[in-house]
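Order of the sequence lines fixes the chain letters, A, B, ..., with proteins taken first and strands second; residue numbering starts at 1 for each chain. As a basis for the values below, the full set of heavy atoms in this structure was taken, side chains included, without hydrogen atoms, waters or symmetry mates.
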Amino acid sequence: MAYNHNVPENCRLFILVGKGIKEDAFREAFGKYGKIEDVWVVKDRRSNEDKGVVYITFSRASEAALAMQEMNGRVVPGHPKPIKVLIANSKRDGSVRDPHEDEKILRLFLIIPKSMSEDELRREFEQYGDIDYATVLRDKNTGESKGFGYVKFFRPYHAALALENCDRSFKPKFAEPKMPRGERDNDYEMDYQYSRDTRPPGAYPRGPERGPDRHERGTKRCFSEYSGRDDYHDDGPPRSRFSHGPLGQHRSPDDLEQRNDEIADHKLVGEGPMEMIQNYVNNGCQRLHVTAPLGLTQQYLTRLFNLIPGLEYCDLNEATGIAYVRYATPQCAAYAKDKLDGFEYPLGSRLIVRFADAPNVPDLKTASAMNFENYGIPGSSFERDESDTIRKAALILEKAGINPDRVLASDNSIERVTYCNIMLPLPKPLSPEDSSLAQRLFIVCQPAAVPERILRDAFCRFGDLIDVYLLSGRNYGYAKYASKECAMKAISVLHGQSIAGQRLKVLEAEPPKEDNRREGRDRHDSHSE
DNA sequence: CGACGGGACGC
DNA sequence: CGACGGGACGC
């Protein structure tokens with residue numbers, strides 16, 4: 001435990017690259033995919049010359065996977081050679097090439113309820129991306145679930161999103177590769193298989209509502225554009241030379257309401273107005289940069305952008321409120337930008353949607369700042385007719401399966417949540433799992449258990465929550481806090497209230513029953529690793 | 001085309 | 001009444 005400080009798994013990129021490129025160029029090229037923790041341009045000890053290898057550590061695996069997916073095979077500006085981007089092995093594993101190393105970044109090991117079937121497991125995780133397989137391990141004799149399973153994705157980015165965003169009770173981990181000796185069939189060249197536009201063999205479009213253009217792209221583009229691609233050369237669906245008007249144009253309040261209407265009237269939902277989308281100009285940009293209000297969750301934002309056909313991913317950094325969204329075609333992206341830029345979501349806040357890397361929008365900061373002027377200032381003309389706007393927006397959110405009551409309160413300190421009978425403080429970040437325990441609470445749900453994600457959402461709102469869980473199959477459990485005040489606040493607010501239809505008791509927990517009284521220096525820490 | 005530095009448990 | 005959680009894949 002001494003070294004290897006808490007760098008999460010699969011957050012580091014291993015990049016093969018031309019020599020003479022400086023650290024700043026990598027920060028510039030990779031920084032937009034996430035928070036860069038470290039850039040190391042490897043140099044020869046003696047000659048001090050570049051070795052053509054760079055390591056970049058991101059704060060999260062999804063950021064690294066996204067950067068790999070987007071940057072592999074591209075060039076760093078000003079340097080002609082396309083780079084090769086892989087997820088780095090952990091330092092401990094060294095440079096060994098495991099023949100099944102892809103499992104380390106594609107497959108999750110998950111703790112699941114004993115009652116959960118493979119279908120349910122798959123359904124739970126396919127919200128994060130296309131799934132290769134979902135398995136539940138069972139006792140050979142009784143057939144009873146062992147309470148854990150594996151889910152394998154096609155893309156590292158999707159696996160990482162699932163890991164980071166699934167209910168914490170799954171205790172997700174990247175699975176250790178373990179393969180029967182028999183080889184698997186689709187062992188095609190791994191090197192570039194996760195790159196930008198590829199869709200793996202057997203992948204299917206997520207969700208039945210996807211537009212037909214998805215299928216056309218589908219399987220056959222896997223390796224078409226890797227070699228030496230250095231710019232936008234879209235070979236996607238039929239492009240149109242016509243547009244429904246200029247893009248990125250200043251918008252009037254009437255336009256916003258008009259768009260809300262369109263969405264509410266289903267013009268935008270479901271099978272999608274494909275011919276309309278095709279009429280959007282192809283500017284070669286499939287990625288959008290979204291500025292969302294803080295507090296908005298990954299899941300909710302994904303549902304919103306998924307209303308528009310062709311969504312490939314929607315990655316929100318919940319800490320910054322910045323999301324990157326990608327669609328199957330530039331037209332879909334343009335359509336999404338047109339419809340959702342300035343959209344009131346959640347109620348009371350507006351999204352800002354820009355092209356992430358369009359040549360004609362070189363400076364994101366400038367674009368965002370301008371946009372704030374247009375939409376973000378209270379007292380602007382957007383406030384007129386407020387009740388009507390809110391009503392329409394609520395309609396749209398309901399269609400996306402989003403709870404319209406989850407409104408950011410005007411004073412930004414409490415909100416209405418549908419699962420609870422009272423207003424609650426806004427969610428606060430969890431304390432790290434290894435935080436020292438300050439107070440434990442005993443929780444009883446009567447008459448029946450409440451899903452853990454709801455408990456987590458409720459109990460985190462007082463701050464410094466480490467963990468909350470119910471004993472498996474029971475209606476009681478514990479919440480652990482890193483601060484006594486936060487725990488006591490949770491008791492004072494939540495005790496006696498109703499959550500997900502259950503009556504809640506929240507008490508200070510008694511010390512664990514098995515008297516571990518010898519808390520001195522009972523065991524010597526085996527310094528592992 | 002292919003693999004590991006610097007600084008470092010702490011206010 | 002309601003008291004203490006689960007963890008690796010048929011070679």
Side-chain angles (χ1 to χ4, degrees), chain A residues 1-6 12-19 23 38-45 48 51-57 72-73 81-97 100-101 103 107-114 116 133-141 145-152 168-182 190-192 227 440-449 452 467-480 502-516 525 527:
Chain A
M1 288 276 207
Y3 35 96
N4 237 358
H5 30 157
N6 304 319
R12 200 171 56 132
L13 296 179
F14 171 59
I15 305 169
L16 296 153
V17 69
K19 305 180 182 185
E23 176 178 329
D38 188 37
V39 174
W40 171 25
V41 181
V42 180
K43 294 184 191 309
D44 184 274
R45 267 270 174 65
N48 204 35
K51 293 173 83 171
V53 167
V54 177
Y55 293 98
I56 298 180
T57 306
N72 187 33
K81 183 180 166 177
I83 64 176
K84 184 165 172 177
V85 185
L86 302 165
I87 303 291
N89 284 348
S90 71
K91 278 192 175 175
R92 209 191 53 192
D93 291 352
S95 59
V96 293
R97 296 184 71 176
H100 297 297
E101 64 189 353
E103 302 214 326
R107 203 171 61 128
L108 301 181
F109 173 70
L110 303 160
I111 303 301
I112 60 176
K114 289 254 194 340
M116 184 175 254
Y133 60 77
T135 57
V136 171
L137 279 93
R138 297 178 180 281
D139 184 284
K140 300 176 188 75
N141 301 319
S145 166
K146 289 185 177 173
F148 60 89
Y150 295 95
V151 171
K152 188 176 179 189
R168 298 342 276 161
S169 62
F170 285 111
K171 293 290 155 72
K173 288 183 158 73
F174 286 107
E176 290 299 322
K178 180 163 276 183
M179 265 285 135
R181 354 180 17 179
M190 267 198 51
D191 286 350
Y192 292 106
S227 48
R440 223 166 49 114
L441 305 182
F442 180 57
I443 303 166
V444 185
C445 309
Q446 286 172 321
E452 260 183 37
D467 194 16
V468 57
Y469 60 91
L470 301 184
L471 299 187
S472 88
R474 306 290 163 91
N475 65 332
Y476 53 84
Y478 298 89
K480 297 179 184 175
Q502 310 303 314
R503 209 71 182 172
L504 208 58
K505 289 188 180 179
V506 186
L507 323 168
E508 293 183 61
E510 299 297 329
K513 74 166 175 211
E514 283 201 301
D515 273 18
N516 291 350
D525 267 76
H527 40 286

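Taking atom NZ on A/Lys19 and atom P on B/dA3, their separation rounds to 11 Å, with Å as the unit. Taking atom CD1 on A/Ile87 and atom P on B/dG2, their separation rounds to 20 Å, with Å as the unit. Rounded to an integer number of Å, the gap from CZ of A/Arg138 to C1' of C/dG7 is 17 Å. Here the P atom of nucleotide B/dC4 and the CZ atom of A/Phe14 are 8 Å apart, to the nearest Å. Going from atom CG of A/Leu471 over to atom P of C/dG6 covers 9 Å, rounded to whole Å. Distance A/Leu86 CG to B/dA3 P: 12 Å, rounded to the nearest Å. Residue A/Lys43 contributes atom NZ, which lies 16 Å from atom C1' of B/dA3 at whole-angstrom precision. Spacing between atom CD1 of A/Ile56 and atom C1' of B/dC4 amounts to 15 Å, rounded to whole angstrom units.
Checking C/dG5, C/dC4, C/dC9 against the side-chain heavy atoms of A/Glu452 singles out C/dG5 as nearest. Nearest nucleotide to the A/Leu137 side chain, out of C/dC9, B/dA3, B/dG2: C/dC9. In the set C/dG7, C/dA3, C/dG2, the nucleotide with an atom closest to the side chain of A/Lys173 is C/dG7. When distances are taken from the side chain of A/Asp38 to each of B/dG6, B/dA3, B/dG2, the shortest belongs to B/dG6. In this structure, of C/dA3, C/dC9, B/dG6, it is C/dC9 that holds the atom nearest to the side chain of A/Tyr150.
Among the heavy atoms of the strands lying under 4.0 Å from A/Leu507 is at least one base atom, whether or not backbone atoms are also near. Base contact: A/Asp467 has a heavy atom under 4.0 Å from a base atom. Within 4.0 Å (heavy atoms only), A/Phe148 reaches sugar-phosphate atoms of the nucleic acid but no base atom. Within 4.0 Å (heavy atoms only), A/Lys146 reaches no atom of the nucleic acid at all. Counting non-hydrogen atoms under 4.0 angstrom, A/Arg474 reaches nothing in the nucleic acid. Residue contacts shown for A/Ile111 include a base, since a base heavy atom lies under 4.0 Å away. Counting non-hydrogen atoms under 4.0 angstrom, A/Lys171 reaches a base of the nucleic acid.
The base of B/dG2 has none of its N or O atoms less than 3.5 Å from a complementary donor or acceptor on the side chain of A/Asn89. In terms of polar N and O atoms assigned as donor or acceptor, the side chain of A/Lys91 comes within less than 3.5 Å of the base of B/dG5 in a complementary pairing. Judged by distance alone with a 3.5 Å cut-off, a donor-acceptor contact links the side chain of A/Arg12 to the base of B/dC4. With hydrogens and angles ignored, no donor-acceptor pair under 3.5 angstrom links the side chain of A/Arg45 to the base of B/dC4.
OP1 or OP2 of B/dC4 has at least one side-chain nitrogen or oxygen of A/Lys51 nearer than 4.0 Å. The side chain of A/Tyr476 contributes an N or O atom lying less than 4.0 Å from OP1 or OP2 of C/dA3.
Both geometric conditions, a ring-centre gap below 5.5 Å and a plane tilt below 30°, are not fulfilled together for A/Tyr478 over the base of C/dA3. Residue ring and nucleobase are stacked for A/Phe442 and C/dA3, with a centre distance beneath 5.5 angstrom and an angle between planes beneath 30°. In this pair, A/Trp40 lays its aromatic ring flat on the base of B/dG5, centres within 5.5 Å and planes under 30 degrees apart.
Regarding the sugar-base torsion, B/dC9 falls in the syn class, its angle being within 90° of 0. Syn is the classification of B/dC1, since its glycosidic angle stays within 90° of 0.
Under the 3.5 Å distance criterion, the side-chain polar atoms of A/Arg138 are left unmatched by any main-chain donor or acceptor of A/Gly147. A donor-acceptor contact shorter than 3.5 Å is absent between the side chain of A/Asn475 and the backbone of A/Gln446. No donor-acceptor pair under 3.5 Å is formed between the side chain of A/Glu452 and the backbone N or O of A/Tyr469. For the pair A/Arg440 (side chain) and A/Glu510 (backbone), a donor-acceptor distance under 3.5 Å is present. Checked by atom type and distance alone, the side chain of A/Arg12 pairs as donor or acceptor with a backbone atom of A/Asn89 at under 3.5 Å.
Between A/Phe148 and A/Phe109, the distance from one ring center to the other falls under 6.0 angstrom.
A/Tyr55 pairs by the ring pair (Phe, Tyr, Trp, His ring centres under 6.0 Å) definition with A/Phe14, A/Trp40, not counting sequence neighbours.
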